[in-house]
Amino acid sequence: KKGWIAGLAQGLGSFLSPLYICLSKAIGIKKTFSFGVFLCFISLLTSSFVPNEHYLFITYSIPFGIGSSIIFVLGSIVTGLYYPPSNKWH
C-alpha cells in the first residue's frame with residue numbers, strides 16, 4: 001500500500017533525466033551534483049517529521065526522486081568523462 005512513495009520517487013526522477021543533463025551543461029556538473037545532494041538531504045530530514053504518510057509525497061517522493069536521479073545521471077556522465085575514448089577500458 002505504501003510502495004507508491006518510493007516508486008513515484010524513482011519514476012519521477014527518471015522521467016526528468018534529460019532536464020538534469022541540460023542543467024549540468026548550463027551551470028556545471030559540480031553545482032548540479034551539489035544541488036542533488038542538497039535535495040536528498042532536505043528530503044530525508046523533512047520526511048522524518050511528517051505526521052502521516054500522505055505528506056511523504058511532498059517531502060520525500062518529489063525532492064528525493066529528483067535529487068537521487070541527479071546523482072545517478074551525473075555519476076554516469078562523470079564516469080564516461082573520466083575514461084577517454086582512447087582508454088582500453090572505455
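Under the 4.5 Å side-chain heavy-atom criterion for Ile, Leu, Val, Met, Phe, Trp and Tyr, Phe15 and Ile66 are members of the same hydrophobic cluster. Hydrophobic clustering, with ILVMFWY side chains joined whenever heavy atoms are under 4.5 angstrom apart, keeps Ile21 apart from Ile27. Connection of Leu23 to Phe33 is not established within any shared hydrophobic cluster, with ILVMFWY side chains joined at heavy-atom distances below 4.5 Å, either directly or through further cluster members. Neither Phe41 nor Leu39 shares a network with the other; the hydrophobic side chains, linked directly or stepwise wherever heavy atoms of I, L, V, M, F, W or Y lie under 4.5 Å apart, form separate groups for each. Hydrophobic clustering (ILVMFWY, side-chain heavy atoms < 4.5 Å, transitive): Leu16 and Val37 are in one cluster.
Atom OG of Ser76 is separated from atom CG of Leu81 by 11.0 Å, given to the nearest 0.5 angstrom. Interatomic distance, OG of Ser34 versus CD1 of Ile29, reported as 11.5 Å (0.5 Å rounding). Distance check, rounded to the nearest 0.5 Å: CZ of Phe38 to OG of Ser43 gives 11.0 Å. Atom CZ of Phe72 is separated from atom OG of Ser17 by 8.5 Å, given to the nearest 0.5 angstrom. Here the CD1-CG distance, from Ile62 to Leu56, works out to 11.5 Å after rounding to the nearest 0.5 Å. Taken to the nearest 0.5 Å, the CG atom of Leu74 stands 10.5 Å off from the OG1 atom of Thr79.
Within the 4.5 Å cutoff, no side-chain heavy atoms of Ile42 are placed close to those of Phe64.
For Ile5 against Ser61, the heavy-atom pair with the smallest separation is O-OG, 2.8 Å.
In the model, Ser47 has a side-chain atom that pairs as donor or acceptor with a side-chain atom of Thr59 under 3.5 Å.
In the displayed structure, Tyr20 atom OH is contacted under 6.0 Å by more than 12 heavy atoms of other residues, nucleotides or ligands.
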